Amino acid sequence: MQHERLLKVLVIGDLGVGKTSIIKRCVHQVFSQHYRATIGVDFALKVINWDQTTVVRLQLWDIAGE
């Protein structure tokens with residue numbers, strides 16, 4: 001039997017500190033030094049196979065730092 005866990009993470013911080021960069025790197029394995037400021041809220045989902053019986057769904061919420 002497979003278990004699923006949902007974790008919601010709100011990433012907060014000042015403007016330009018790298019919140020979006022960290023999320024993009026974690027979810028898409030992509031890094032760029034040139035991101036536009038987040039307007040409002042952005043959302044990403046990463047699915048992690050924790051072990052043979054557990055799947056973790058990680059919701060990452062990127063909040064504008066203004």
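As the structure is a computational prediction, the values presented were derived from the model and not from experiment.
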Legend entry - side-chain contact (heavy atoms from CB on, under 4.5 Å) between Ile22 and Val11, worked out: CA-CA 10 Å; Ile22 290 171; Val11 181; over 6 Å; no

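Of all heavy-atom pairs spanning Ser32 and Ser21, the tightest one is O-OG, 4.0 Å. Among all heavy-atom pairs drawn from Val55 and Gln2, the shortest one is CG2-NE2, 2.7 Å. Between Thr54 and Asp51, the shortest heavy-atom contact is N-OD1, 2.8 Å.
Neither Val47 nor Val9 shares a network with the other; the hydrophobic side chains, linked directly or stepwise wherever heavy atoms of I, L, V, M, F, W or Y lie under 4.5 Å apart, form separate groups for each. In terms of hydrophobic clustering, with Ile, Leu, Val, Met, Phe, Trp and Tyr side chains grouped at heavy-atom distances under 4.5 Å, Leu7 and Val27 are assigned to a common cluster.
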Run the side-chain donor-acceptor check on residues 56-63: report pairs under 3.5 Å with partners two or more places apart or on a different chain.
from, atom 1, to, atom 2, distance (Å)
Arg57, NE, Glu4, OE1, 3.2
Gln59, OE1, Trp61, NE1, 3.3
Asp62, OD2, Thr20, OG1, 2.5
Asp62, OD2, Thr38, OG1, 3.4

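Two residues are said to be in side-chain contact when any heavy atoms from C-beta on lie closer than 4.5 Å; Lys46 and Cys26 meet this criterion.
To the nearest 0.5 Å, atom NZ of residue Lys19 and atom CG of residue Asp14 are 7.0 Å apart.
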